[in-house]
Amino acid sequence: MLDRYVTGTVARVSPEAPVPVVLVDDEWNAVGGAANVAANIRALGARCDVIGVVGADGAGRAIERTLETMGAACRLVADDRRSTTVKTRVLAQGQQVVRIDREETSAIAPDAERRLKAQIDERLSGAGVLILADYDKGVLSGALGAHALERAARLGVPTVVDPKRRDFFAFGGATVFKPNRAELEAALDEPVRPRKPEWMEAARARVGCDHLLVTLGAEGMALASPGGRLENVASRARSVYDVSGAGDIVSAVVAASLATGAGMAEAVVLAAHAAAVGVAKVGVATVTPEEIAELLPES
């Protein structure tokens with residue numbers, strides 16, 4: 001996705017309708033969606049390949065240029081039958097006034113899915129970890145997810161899945177399955193009980209993953225692991241300016257940590273500190289190792 005930001009000031013209400021008039025003083029573009037996960041991977045100092053779909057349009061080309069500039073290897077499929085997802089956020093006095101979305105959420109064409117599978121097959125060998133970041137835009141279908149997870153399992157590559165409601169249960173076998181509270185509650189049709197080991201273990205078994213990592217906003221995260229082990233990690237956020245992209249930061253840090261041999265508990269604690277840095281920034285942002293280290297307690 002392409003994230004566009006328009007910032008300005010509000011001094012009056014429009015005479016045409018009861019809405020604020022934003023006097024623009026700055027505009028910029030950033031990469032969002034799976035591209036933002038890649039941006040965070042690069043900010044952590046790790047190499048990555050980005051596989052995904054864009055439209056054959058200016059927004060798609062802008063995403064590719066940005067990813068290449070930051071050193072990510074682009075394996076993007078340009079589909080001329082759909083437009084690139086673009087989210088435009090209008091900000092004034094540090095607050096979001098409105099968000100305007102342009103997107104296509106129908107399933108991608110069979111040819112585009114075949115090309116994505118080919119890219120996965122080509123790039124997965126030798127990878128340290130595979131992240132499947134789903135945004136319900138019609139790209140990461142159950143069949144494509146299952147293909148990626150099967151190939152990763154065959155090669156012994158750990159997987160991190162950030163799901164959305166469509167095809168929620170299609171990612172069985174993932175190493176880490178990372179929904180937020182609302183997504184898990186909608187999928188299971190019951191309230192999440194993050195401090196109940198038995199409930200979390202049953203949810204983990206139902207999803208079919210090795211580790212169930214539930215992000216809980218201001219309450220932090222809950223991690224359910226094999227054997228009924230449950231860990232609750234408190235939020236490290238000291239101030240919350242913008243939660244945009246916080247889930248992408250968690251996915252990137254957990255994945256990079258696992259790729260370097262960290263244990264799950266260590267990876268989640270690092271991700272919690274990284275998310276605290278990210279939500280204190282304006283817009284969809286990346287986090288560096290130095291910023292994470294500043295929040296870590298001295299040993």
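Below, all heavy atoms of this structure are taken into account, side chains as well, without hydrogens, waters or symmetry copies. Everything numeric here is computed off the predicted structure, so don't read it as measured data. Numbers here simply count residues along the sequence, with the first being 1.
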What verdict does the side-chain contact (heavy atoms from CB on, under 4.5 Å) test give for Thr66 and Asn29, after you've listed the backbone C-alpha separation in whole Å, the side-chain angles of each residue and the deciding distance to 0.1 Å? CA-CA 9 Å; Thr66 302; Asn29 291 336; over 6 Å; no
Kindly indicate whether the side chain of [X], heavy atoms from C-beta on, has any atom under 4.5 Å from the side chain of [Y].
X      : Y      : answer
Val54  : Glu64  : no
Met1   : Val86  : no
Leu132 : Leu149 : yes
Cys209 : Val176 : no
Val19  : Val97  : no
Arg99  : Arg4   : no
Leu116 : Val53  : yes
Arg12  : Pro20  : no

Nearest-0.5 Å distance, [atom1] of residue [X] to [atom2] of residue [Y]:
X      : Y      : atom1 : atom2 : answer
Thr288 : Glu294 : OG1   : CD    : 7.5 Å
Arg154 : Ser125 : CZ    : OG    : 11.5 Å
Met70  : Asn40  : CE    : CG    : 9.0 Å

Could you tell me whether the side chain of [X] and the main chain of [Y] form a donor-acceptor pair under 3.5 Å?
X      : Y      : answer
Arg42  : Ala46  : yes
Asn180 : Glu183 : yes
Arg82  : Ser106 : yes
Tyr135 : Gly33  : yes
Asp189 : Glu185 : no

If you take all heavy atoms of [X] and [Y], which pair is closest and at what distance?
X      : Y      : answer
Ser225 : His211 : OG-ND1, 2.8 Å
Leu212 : Met200 : CD2-O, 4.1 Å
Leu67  : Ala38  : CD2-CB, 4.2 Å
Pro194 : Leu216 : CB-CD1, 3.7 Å
Pro226 : Asp210 : CD-O, 3.1 Å
Gly173 : Thr159 : O-OG1, 4.3 Å

Run the numbers on Leu270 and Ile292 for side-chain contact (heavy atoms from CB on, under 4.5 Å), then give the verdict. CA-CA 7 Å; Leu270 289 172; Ile292 298 172; 4.3 Å; yes
Flag the pair [X] and [Y] as a salt bridge only when some basic side-chain nitrogen lies within less than 4.0 angstrom of an acidic carboxylate oxygen.
X      : Y      : result
Lys117 : Asp121 : no
Asp162 : Lys178 : yes
Glu122 : Arg151 : no
Asp3   : Lys87  : no
Asp136 : Arg165 : no
Glu201 : Lys196 : no

Using the rule given for side-chain contact (heavy atoms from CB on, under 4.5 Å), can you reason through Leu44 versus Thr286, listing the C-alpha separation, both sets of side-chain angles and the distance that settles it, and then say yes or no? CA-CA 9 Å; Leu44 294 169; Thr286 58; over 6 Å; no
Going by the side chain to side chain donor-acceptor pair (under 3.5 Å) test, which pairs reach into residues 255-266, not counting sequence neighbours? none
Can you label the angle between the Phe168 ring and the Phe177 ring as parallel, tilted or perpendicular, going by 30° and 60°? perpendicular
When you group the ILVMFWY residues by side-chain heavy-atom contacts below 4.5 Å and let the links chain together, are [Y] and [X] in the same group?
X      : Y      : value
Leu76  : Ile51  : no
Leu213 : Leu188 : no
Val129 : Met264 : yes
Phe169 : Val214 : yes
Val269 : Val253 : no

Audit row: Glu113, Ser141, side chain to side chain donor-acceptor pair (under 3.5 Å) steps and yes/no: CA-CA 9 Å; Glu113 184 165 306; Ser141 67; 3.1 Å; yes
Tell me, with the steps shown, if Asp134 and Lys164 meet salt bridge (Lys or Arg N to Asp or Glu O under 4.0 Å). CA-CA 6 Å; Asp134 190 14; Lys164 287 294 182 285; over 6 Å; no
Residues in salt bridge (charged side-chain N to carboxylate O under 4.0 Å, His left out) contact with Arg166, at least two apart in sequence or another chain: none
Check step by step if salt bridge (Lys or Arg N to Asp or Glu O under 4.0 Å) holds for Glu103 and Lys137. CA-CA 8 Å; Glu103 63 182 14; Lys137 306 305 179 191; 2.5 Å; yes
Whether over 12 other heavy atoms sit under 6.0 Å from Arg47 CZ: no
Look at atom CZ of Arg102 and say whether more than 12 heavy atoms of other residues, nucleotides or ligands are closer to it than 6.0 Å. no
Should Leu258 and Val160 be marked as a side-chain contact (heavy atoms from CB on, under 4.5 Å) after you check the CA-CA gap, both sets of side-chain angles, and the distance that decides it? CA-CA 9 Å; Leu258 294 180; Val160 176; 4.3 Å; yes
Do Thr84 and Asp57 meet the criterion of a side-chain donor-acceptor pair at a distance under 3.5 Å? yes
Tell me yes or no: between the side chains of Thr7 and Asp25, is some donor less than 3.5 Å from an acceptor? yes
